[in-house]
Amino acid sequence: MMFRHVAIIGLGLQGGSIGLAVQACLPGVATSGYDISPQTRARAAERGLVSQVCDTPEDAVQGADLVIFCVPPGAIGPVAQALRDAIRPDALVSDVGSSKSSIAAALAEALPDHTVIPAHPVAGTENSGPDAGFASLFQNRWCIVTPPEKTDLLKLSALVEFWETLGANVEIMDAEHHDLVLAVTSHLPHLIAYTIVGTASDLEEVTRSEVIKYSAGGFRDFTRIAASDPTMWRDVFLSNKDAVLTMLQRFTEDLTALQRAIRVGDGEALFSHFERTRATRRSIIEEGQDDARPDFGRGDHRRNQR
């Protein structure tokens with residue numbers, strides 16, 4: 001492994017999980033970390049998310065040969081620029097953001113003299129903060145790496161090896177294609193979840209207590225991802241707005257077609273659509289990207305957090 005010291009800026013779900021995973025899978029690699037919240041830093045130290053929790057981001061990146069930004073997308077550029085002189089000239093800089101084109105541009109502008117290789121571990125839960133992280137978060141999950149043109153192949157190989165050692169399956173992808181794929185597989189579902197939960201809460205003829213009391217399985221699934229970090233998701237939608245708007249338009253057209261089928265009583269069209277989409281859901285389970293159990297296996301994740 002090329003890396004001897006990994007610095008993590010942001011010690012929430014992703015950053016904390018990386019710190020724990022490095023300590024579990026790469027015990028010879030030093031870890032340091034920083035978070036803007038003093039309370040988060042204190043809790044990160046209590047949990048041992050990294051071997052050294054620092055009081056300043058400059059101290060955290062001192063001597064690190066891999067720096068990973070685990071902050072909301074909108075903060076990555078300013079934070080990276082503030083650390084330009086503190087990060088070693090030969091260090092590799094990466095991130096975990098779920099939108100890649102805008103983050104790559106922000107990091108390239110902030111750190112023009114450093115090697116930057118953006119990455120996105122497609123793994124997470126609805127929980128956030130220093131208590132949310134666990135070492136097995138990345139096991140058998142995809143990590144999409146989006147290297148810019150003319151990337152140092154040795155450092156790219158080292159980053160791929162790093163994520164594979166933490167248990168992830170790595171895919172190399174163009175940043176723009178990544179943003180389009182994630183717009184439909186992640187960003188749009190979250191937008192719909194926030195919307196439908198808000199709609200149910202705002203209905204005058206349905207009280208808030210009834211929404212909570214009579215939540216069926218479908219609504220409970222929506223409320224799960226609608227509980228995700230609002231700061232992060234605000235930044236995701238703004239940083240990947242073009243791809244999200246493209247997918248939202250396509251979704252709106254498909255929804256209109258289903259609306260028409262219901263209005264005219266076209267049961268065949270509805271059945272055909274539901275049958276096809278059910279097959280897609282089964283494929284996700286067969287690929288090992290989710291669990292068929294009622295709680296989707298997330299009880300195991302909660303136990304790991306303790």
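Atom NZ of Lys150 is separated from atom CG of Asp152 by 14.0 Å, given to the nearest 0.5 angstrom. Taking CE from Met247 and OG1 from Thr185, the interatomic distance works out to 10.5 Å, rounded to the nearest 0.5 Å. Remark: Leu182 CG to Ser99 OG distance equals 9.0 Å, nearest 0.5 Å. Atom-to-atom distance recorded for Leu270:CG and Glu275:CD is 12.5 Å, nearest 0.5 angstrom. Atom-to-atom distance recorded for Leu26:CG and Glu161:CD is 8.5 Å, nearest 0.5 angstrom. A distance of 6.5 Å separates CD1 in Ile262 from CG in Leu258, rounded to the nearest 0.5 Å.
Nearest heavy atom pair, residue Ala123 against residue Gln14, reads O-NE2, 2.6 Å. Among all heavy-atom pairs drawn from Gly133 and Ser17, the shortest one is CA-OG, 3.2 Å. Asp235 and Pro72 get closest at one heavy-atom pair: OD2-CB, 3.2 Å. Here the closest non-hydrogen pair linking Ala158 and Phe3 is O-CE1, 3.5 Å. Taking each heavy atom of Gln23 and Gly48 in turn, the nearest pair found is NE2-O, 3.0 Å. Nearest heavy-atom pair across Leu166 and Gln139 is O-NE2, 3.4 Å.
Phe69 and Ile117 are assigned to two separate hydrophobic clusters, defined by single-linkage of ILVMFWY side chains at heavy-atom distances under 4.5 Å. Residues Trp233 and Val184 share a hydrophobic cluster, clusters being chains of Ile/Leu/Val/Met/Phe/Trp/Tyr side chains in contact below 4.5 Å. Ile196 and Phe237 fall within a single hydrophobic cluster, where Ile, Leu, Val, Met, Phe, Trp and Tyr side chains are chained together by heavy-atom contacts under 4.5 Å. One hydrophobic cluster holds both Val145 and Val6 under the rule that ILVMFWY side chains link at heavy-atom gaps under 4.5 Å. A continuous path of ILVMFWY side-chain contacts below 4.5 Å connects Ile172 to Leu92, so both sit in one hydrophobic cluster.
Among pairs with a residue in residues 250-274, none fulfils ring pair (Phe, Tyr, Trp, His ring centres under 6.0 Å), at least two apart in sequence or across chains. Contacts classified as ring pair (Phe, Tyr, Trp, His ring centres under 6.0 Å) and involving residues 84-126 (residues at least two apart or in different chains) are given here: His120-His178.
The closest side-chain heavy-atom distance from Thr115 to Lys155 is below 4.5 Å. Side-chain contact between Ser98 and His187: present, with at least one pair of heavy atoms (C-beta onward) separated by less than 4.5 Å. In this structure the side chain of Phe138 reaches within 4.5 angstrom of the side chain of Ile18, judged on heavy atoms. Looking at heavy atoms from C-beta onward, Gln52 lies out of side-chain contact with Thr31 at the 4.5 angstrom threshold. Proximity of Leu83 to Val79: side-chain heavy atoms (C-beta onward) are separated by under 4.5 Å at one or more points. The shortest side-chain heavy-atom distance between Asp113 and Pro89 does not fall under the 4.5 Å cut-off. Taking 4.5 Å as the limit, some side-chain heavy atom of Leu154 sits within range of a side-chain heavy atom of Met2. Within the 4.5 Å cutoff, the side chain of Cys25 has heavy atoms near those of the Thr165 side chain.
For the pairing with Val96, the side-chain contact (heavy atoms from CB on, under 4.5 Å) check across Leu13, Ile103, Ile68 returns one residue only, Ile68.
In this structure a side-chain-to-backbone donor-acceptor pair under 3.5 Å is present from His190 to Ser186. Between the side chain of Thr146 and the backbone N or O of Ala175, no donor-acceptor pair lies under 3.5 Å. Between the side chain of Thr151 and the backbone N or O of Pro148, at least one donor-acceptor pair lies under 3.5 Å.
The local environment of CD in Glu268 is sparse, with at most 12 non-hydrogen atoms from other residues, nucleotides or ligands closer than 6.0 Å. With a 6.0 Å radius and a threshold of 12 heavy atoms from other residues, nucleotides or ligands, Ile36 has its CD1 atom at or below the threshold. Within a 6.0 Å sphere centred on CD of Glu176, heavy atoms belonging to other residues, nucleotides or ligands number 12 at most. For Asp90, the CG atom is densely surrounded, since the number of other residues' heavy atoms within 6.0 Å is greater than 12. By the neighbour-count criterion of 12 heavy atoms within 6.0 Å, atom CZ of Arg84 is densely surrounded, having more than that number from other residues, nucleotides or ligands.
Between the side chains of Ser101 and Asp179, a donor-acceptor pair is found at a separation under 3.5 Å. Glu58 and Gln62 share no side-chain donor-acceptor pair at under 3.5 Å.
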Practice item. Evaluate side-chain contact (heavy atoms from CB on, under 4.5 Å) for Asp65 paired with Arg88, printing each intermediate quantity in order. Key: CA-CA 7 Å; Asp65 46 16; Arg88 277 175 43 176; 4.1 Å; yes
Practice item. Show the numbers, then the answer: is there a side-chain contact (heavy atoms from CB on, under 4.5 Å) between Val29 and His5? Key: CA-CA 6 Å; Val29 175; His5 178 182; 5.8 Å; no
Practice item. Decide side-chain contact (heavy atoms from CB on, under 4.5 Å) for Ile9 and Cys70; before the verdict, give the C-alpha distance in whole Å, the side-chain angles of both, and the deciding distance to 0.1 Å. Key: CA-CA 6 Å; Ile9 305 299; Cys70 303; over 6 Å; no
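Note on Lys100 versus Asp95: salt bridge recorded, some NZ/NE/NH1/NH2 to OD/OE distance being below 4.0 Å. A salt bridge links Arg43 with Glu46: at least one charged nitrogen is closer than 4.0 Å to a carboxylate oxygen.
In this view, Arg41 and Tyr34, Asp35, Pro38, Val53, Asp55 satisfy the side-chain contact (heavy atoms from CB on, under 4.5 Å) rule, not counting sequence neighbours.
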